Amino acid sequence: MKAIQLKEYGGPEVLKVIEKEKPVPAGHEVLIEVHAIGVNYADTARREGQYVVPTPLPFIPGAEVAGVVVATGEKASITPGTRVVTLIESGGYSEYVTADERGLIPLPEGLDFKLAAALPLQGLSAYHIIKTMGRLEKGESVLVHAAAGGVGTLAVQLAKLFGAGKVIATASTDEKLQLAKEMGADVLVNYTNEDWEKEVLEATGGKGVNVALEMAGGEIFNKTLKCLAAFGRLVIYGVASGEQSRFYPSSLMARNQSVIGFFLPQIMRKPELLQPSMKELMTYVAEGKLKLTIGEVHPLEDAARVHTLMQSRKTKGKVILEPTR
């Protein structure tokens, strides 16, 4: 089978197509024939050796896959032929993967593989960043950066579903801001403008936002902190710019503000958080309340090019890799 592997950290060029043996499921594992792979900024961080936890080499990226169960381990009870989506620690950039059946989510009838792959990682991230970590209350304001991206498009919609009074969306182009508006954003801000943080403050009457989602790092983080209201919560879930931020924790004291870190694998280790939220997300999709936006679909072999496009901010919506057979 084909897979995409890196043997050294670096730019997109370190991603290479390889041939390897198809994995064999054991115990509660199943073998999934992969039909769609979700691409995430975590994959680029893994490739660069900048992920939250160490990335062992050689490494096959990819945590989000949708496909069909084609074989099972001796302890697995799921029926071959079942259409599923799941999150795995690594190995998703492949034609076949093994996964524990206890983490599988059967797909509702009629839900396309590509749409299914657009939901778990980014949907769960947006859900728990806003609700669990951001503790959004009805009527509060929310700032969503990169609002045309995979997490961003879902975060804008979920913030509205959770009762946000005002959702302020930022993006780098008018086209991306239009997409955020279609998702339900109330205020649009182009963060390539030098003083974009002033526009955010103006939109909140000078009070600042109650919840902010931040994944860029560097100067974006510093300016976002200036946009935070008293008792506001800034949730960090990535460092897409590769630039770490420096700030003085004591600066939070004057206005009772919080800076909170978010890492999805910690949620995945708590079934009482993971399972109800995934069911809620699936319900929103089935009822048409949550729109999944597929921005681009590329062949698995084009993974390096896809990483280049993502890191050049030339993509919008969810980006999918698709094995070609």
Side-chain angles (χ1 to χ4, degrees), residues 1-51 53-74 76 78 80-101 103-105 107 112-118 120-121 150 265 294-312 315 318-325:
M1 71 169 196
K2 287 187 176 65
I4 304 296
Q5 185 185 73
L6 58 123
K7 293 184 177 180
E8 59 181 323
Y9 305 127
E13 70 280 357
V14 303
L15 295 174
K16 306 293 185 183
V17 180
I18 65 166
E19 290 282 348
K20 61 173 296 190
E21 291 295 319
K22 192 184 301 183
V24 177
H28 286 283
E29 291 181 330
V30 303
L31 179 67
I32 300 171
E33 181 184 72
V34 178
H35 286 251
I37 305 151
V39 183
N40 301 283
Y41 275 105
D43 302 340
T44 67
R46 284 282 203 184
R47 191 200 73 229
E48 294 172 343
Q50 299 295 325
Y51 194 53
V53 296
T55 298
L57 296 176
F59 187 78
I60 297 174
E64 200 172 33
V65 297
V68 179
V69 175
V70 292
T72 65
E74 65 277 8
I78 195 167
T82 303
R83 301 166 68 251
V84 298
V85 65
T86 191
L87 290 174
I88 53 180
E89 289 290 330
S90 63
Y93 286 18
S94 305
E95 292 183 316
Y96 292 86
V97 300
T98 53
D100 192 308
E101 71 165 348
L104 302 180
I105 304 162
L107 299 186
D112 177 79
F113 287 119
K114 292 185 282 294
L115 286 175
L121 194 151
I294 304 299
E296 301 178 16
V297 179
H298 297 268
L300 175 62
E301 294 85 350
D302 286 354
R305 178 170 172 268
V306 168
H307 276 220
T308 299
L309 291 171
M310 283 186 64
Q311 292 188 287
S312 301
T315 61
K318 182 69 175 184
V319 181
I320 299 292
L321 290 174
E322 191 173 48
T324 52
R325 295 183 173 88

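Worth knowing before you read on, the calculation uses all heavy atoms, side chains too, and leaves out hydrogens, waters and symmetry mates. The structure displayed is predicted, hence computed values, not measured ones.
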Task: Those residues that, when tested against D112, pass side chain to side chain donor-acceptor pair (under 3.5 Å) (two or more places apart) - done: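 For D112, no residue satisfies side chain to side chain donor-acceptor pair (under 3.5 Å) once neighbours in sequence are set aside.
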Task: Partner residues of E29 under the side chain to side chain donor-acceptor pair (under 3.5 Å) criterion, sequence neighbours left out - done: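 For E29, no residue satisfies side chain to side chain donor-acceptor pair (under 3.5 Å) once neighbours in sequence are set aside.
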Using every non-hydrogen atom in the two residues, find where [X] and [Y] come nearest and quote the distance to one decimal.
{"X": "K114", "Y": "I294", "answer": "O-CD1, 3.5 Å"}
{"X": "T324", "Y": "P299", "answer": "CG2-CB, 4.2 Å"}
{"X": "P323", "Y": "A36", "answer": "CD-N, 4.4 Å"}

Open item on the list: Any non-hydrogen side-chain atom of V17 less than 4.5 Å from a side-chain atom of I4?
Closed with: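 The answer is yes; the side chains approach within 4.5 Å.
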Open item on the list: With heavy-atom distances below 4.5 Å as the criterion, would you say the side chains of M1 and P23 are in contact?
Closed with: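 When only atoms from C-beta onward are counted, P23 and M1 do touch, with a gap below 4.5 Å.
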- [ ] Name all residues meeting the ring-ring contact (aromatic ring centres under 6.0 Å, His included) criterion together with Y9; count only those two or more places apart in sequence or in a different chain, and write none if there are none.
- [x]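 Checked Y9 against ring-ring contact (aromatic ring centres under 6.0 Å, His included); zero matches.
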Task: Residues in ring-ring contact (aromatic ring centres under 6.0 Å, His included) contact with H35, at least two apart in sequence or another chain - done: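 Here the qualifying residues are F113.
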TODO: Evaluate side chain to side chain contact (heavy atoms under 4.5 Å, CB included) for V84 paired with I78, printing each intermediate quantity in order.
DONE: CA-CA 10 Å; V84 298; I78 195 167; 4.1 Å; yes
Task: side chain to side chain contact (heavy atoms under 4.5 Å, CB included) partner of T86, the single match among V30, I32, I105 - done: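 Result: among V30, I32, I105, I32 is the only option passing the side chain to side chain contact (heavy atoms under 4.5 Å, CB included) with T86.
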Open item on the list: My understanding is that only residues two or more places apart in sequence, or in another chain, count here; which of them pass side-chain contact (heavy atoms from CB on, under 4.5 Å) with A304?
Closed with: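 side-chain contact (heavy atoms from CB on, under 4.5 Å) list for A304, sorted by chain: P12, L15.
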Open item on the list: Filter on salt bridge (Lys or Arg N to Asp or Glu O under 4.0 Å), then keep only pairs touching residues 82-93, sequence neighbours left out; what's left?
Closed with: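 Of all non-adjacent pairs touching residues 82-93, none passes salt bridge (Lys or Arg N to Asp or Glu O under 4.0 Å).
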TODO: Answer yes or no: is there a donor N or O on one side and an acceptor on the other, between the side chain of E74 and the main chain of G27, under 3.5 Å?
DONE: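 Side chain of E74 to backbone of G27, a donor-acceptor pair under 3.5 Å: yes, one is there.
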Open item on the list: Let me confirm one number: the CD1-CG distance from I88 to D100, rounded to the nearest 0.5 Å.
Closed with: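 Answer rounded to 0.5 Å: 11.5 Å.
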Task: Approximate separation, where rounding is to 0.5 Å, of D302 CG and E296 CD - done: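 That separation rounds to 11.0 Å.
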Pairs of donor and acceptor atoms involving the side chains of residues 91-98, under 3.5 Å and at least two apart or interchain, shall be tabulated with distances.
unit_1: Y93; atom_1: OH; unit_2: D43; atom_2: OD2; d: 2.8
unit_1: Y93; atom_1: OH; unit_2: H307; atom_2: NE2; d: 3.0
unit_1: S94; atom_1: OG; unit_2: G91; atom_2: O; d: 2.8
unit_1: E95; atom_1: OE1; unit_2: K2; atom_2: N; d: 2.8
unit_1: Y96; atom_1: OH; unit_2: E33; atom_2: OE2; d: 3.3

- [ ] Would you mind telling me which of E13, Q311, E8 makes a side-chain hydrogen bond (donor to acceptor under 3.5 Å, both in side chains) with R47?
- [x]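 Exactly one option meets the side-chain hydrogen bond (donor to acceptor under 3.5 Å, both in side chains) with R47, and it is Q311.
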All N/O donor-acceptor pairs, side-chain side in residues 53-72, below 3.5 Å, sequence neighbours left out:
unit_1: T55; atom_1: OG1; unit_2: R46; atom_2: NH1; d: 3.0
unit_1: E64; atom_1: OE1; unit_2: N40; atom_2: ND2; d: 3.2
unit_1: E64; atom_1: OE1; unit_2: K318; atom_2: NZ; d: 2.6
unit_1: E64; atom_1: OE2; unit_2: L121; atom_2: N; d: 2.6

